[in-house]
Participant: 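Dropping the structure in here first, questions after.
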Amino acid sequence: MARVAVLVGELRADGHRVNYVDAGGGLGIPYENGAAINFLIMPRAIRKPITRPFPGLNVHVLLEPGRSIVGPAGALVTRVLYRKTNDGKRFVVVDAA
């Protein structure tokens with residue numbers, strides 16, 4: 001995020017208007033039988049480290065919870081369409097939703 005803050009400064013110096021910074025899907029999901037993310041605690045815990053590099057820049061910093069919400073709520077259904085080999089490597093082409 002520190003590098004992004006520098007980039008915001010450079011872009012603004014070049015005349016670009018930057019109002020938002022998207023930190024992306026920073027919250028992962030436990031792939032093993034680990035503890036689920038506590039959404040009452042997690043946002044407070046990560047707020048300062050993510051926003052610290054932006055003092056005085058007056059930008060809205062966004063964080064997308066993405067798969068941390070969706071992952072534990074369902075199942076990924078996948079169908080193998082076909083298998084292929086190319087240069088000795090094996091591939092499986094799938095359709096997933």
Participant: Applying salt bridge (charged side-chain N to carboxylate O under 4.0 Å, His left out), which residue pairs with at least one partner in residues 81-97 are found, sequence neighbours left out?
Facilitator: R79-D95

Participant: Crowded around N19 CG? As in, over 12 foreign heavy atoms under 6.0 Å?
Facilitator: yes

Participant: Return yes when atom OH of Y20 has more than 12 non-hydrogen atoms of other residues, nucleotides or ligands closer than 6.0 Å, and no otherwise.
Facilitator: no

Participant: Once side-chain contact (heavy atoms from CB on, under 4.5 Å) is applied, do any residues pair with A96, and if so which ones, sequence neighbours excluded?
Facilitator: L76, T78

Participant: With L57, which residues qualify under side-chain contact (heavy atoms from CB on, under 4.5 Å), at least two apart?
Facilitator: A5, V8, R12, F54, V59

Participant: If Ile, Leu, Val, Met, Phe, Trp and Tyr residues are connected whenever their side-chain heavy atoms lie under 4.5 Å apart, and connections chain through other members, are V61 and L7 in the same group?
Facilitator: yes

Participant: For the atom pair CE (M1) and OG1 (T51), what is the distance rounded to the nearest 0.5 Å?
Facilitator: 9.0 Å

Participant: Shared ILVMFWY cluster between L11 and V4, side chains joined below 4.5 angstrom?
Facilitator: yes

